[in-house]
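Notes follow once the structure below has been shown.
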Amino acid sequence: MRLVTLDVIDVNDPRGGPWRRLGLGKTPRELICDDLNMGATVEFVRERAADYLRQTSERFDLIFLDGDHRARAVYDEFALATRCLNAGGVIVLHDYFPDGRRLWPSRPAIAGPFLGMRPHLARHPELVVSPLGRLGWETKLGSNVTSLALALRSGDVSAQGD
């Protein structure tokens, strides 16, 4: 098992990392590598996802896209991610609002991921995007709704919920 995490900011910055603003006592590297003893399997990379995906020769079973949410960026990142995906692999999209509609009454929809995926879906009928919708536990805003969606080839993993 190997985990590569990408971010444009240094999530492990000892002074200004987001972990400090969230009130955590340790950096992600300390939590994952030291406390969980997974230092040999986790790599933290400070880079734009598109840049990393464009140059890497690595292959992945799971890719989680939660970067730039503009439609063009999602379109480009998804195309690059599919090149790095193993057969049967899954791409998880964050902030995917089906049909560009709100998921929570008090929050606007983020249209970019949905719009960025439309051309891929139009050109690749075997591609399925399945929003996770409602989960069995509370997520945020007092609901059980999530903006996560799975993107996969219909023959790779059952998209019908088998």
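For the single chain, residues carry numbers from 1 onward in sequence order. Because only heavy atoms are used, hydrogens play no part in the values below, and waters and symmetry mates are left out as well, while side chains stay in.
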Check: Between W104 and F97, how do the two ring planes meet: parallel, tilted or perpendicular, split at 30° and 60°?
Finding: perpendicular
Margin query: Looking at R134, I'd like to know if its CZ atom is crowded, meaning that more than 12 non-hydrogen atoms belonging to other residues, nucleotides or ligands lie closer than 6.0 Å.
Written below: no
Next item on the list: Evaluate the criterion side chain to side chain contact (heavy atoms under 4.5 Å, CB included) for residue pair R2 and E43; output intermediate values, then yes/no.
Entry: CA-CA 8 Å; R2 180 160 152 69; E43 179 183 359; 2.5 Å; yes
Next item on the list: For the pair T56 (side chain) and L53 (backbone), establish whether a donor and an acceptor sit closer than 3.5 Å, ignoring hydrogens and angles.
Entry: no
Notebook entry, point to check: Out of curiosity, E47 CD to R54 CZ, how far, rounded to the nearest 0.5 Å?
Noted result: 9.5 Å
Margin query: Evaluate E77 against R48 for salt bridge (Lys or Arg N to Asp or Glu O under 4.0 Å), listing each step before the verdict.
Written below: CA-CA 10 Å; E77 285 181 2; R48 287 181 54 240; 5.6 Å; no
Check: Do side-chain atoms of R21 reach the backbone of G16 as a donor and acceptor pair under 3.5 angstrom?
Finding: yes
Note to self: Can a donor-acceptor pair be found, under 3.5 Å and without considering hydrogens, that links the side chain of R46 to the backbone of V8?
What the structure shows: yes
Next item on the list: Determine yes or no for a side-chain-to-main-chain donor-acceptor pair under 3.5 angstrom, with D68 supplying the side chain and R70 the backbone.
Entry: yes
Notebook entry, point to check: Just by distance, do the side chain of H124 and the backbone of A122 share a donor-acceptor pair under 3.5 Å?
Noted result: no
Next item on the list: Could you check I32, D7, T27, V4 and say which one makes a side chain to side chain contact (heavy atoms under 4.5 Å, CB included) with F44?
Entry: I32
Notebook entry, point to check: How close do H69 and D95 get, heavy atom to heavy atom, and via which atoms?
Noted result: NE2-OD2, 2.8 Å
Next item on the list: Taking D61 for its side chain and G89 for its backbone only, find out whether a donor-acceptor pair lies under 3.5 Å.
Entry: no
Check: Under the side-chain hydrogen bond (donor to acceptor under 3.5 Å, both in side chains) rule, what pairs show up with a residue in residues 32-42, not counting sequence neighbours?
Finding: K26-D35
Check: What is the distance from atom CD1 of I91 to atom CZ of F60, rounded to the nearest 0.5 Å?
Finding: 11.5 Å
Next item on the list: Report the relative orientation of the aromatic rings in H94 and F64; use parallel for angles under 30°, tilted for 30 to 60°, perpendicular for over 60°.
Entry: tilted
Next item on the list: Report yes or no: do N144 and T139 form a side-chain donor-acceptor pair below 3.5 Å?
Entry: no
Note to self: Using modelled atom types and a 3.5 Å cut-off, is there a donor and acceptor pairing between side-chain atoms of R20 and backbone atoms of P14?
What the structure shows: yes
Item checked: Heavy-atom closest pair, residues P98 and P131 -> CG-CG, 3.6 Å
Next item on the list: State, to 0.1 Å, how close P28 and V11 come at their nearest heavy-atom pair, and which atoms those are.
Entry: CD-O, 3.4 Å
Notebook entry, point to check: Is there a donor-acceptor pair closer than 3.5 Å between any side-chain N or O of R59 and the backbone N or O of R83?
Noted result: yes
Next item on the list: Assess whether side chain to side chain contact (heavy atoms under 4.5 Å, CB included) is satisfied between V92 and L62, documenting all intermediate values.
Entry: CA-CA 7 Å; V92 179; L62 174 73; 3.5 Å; yes
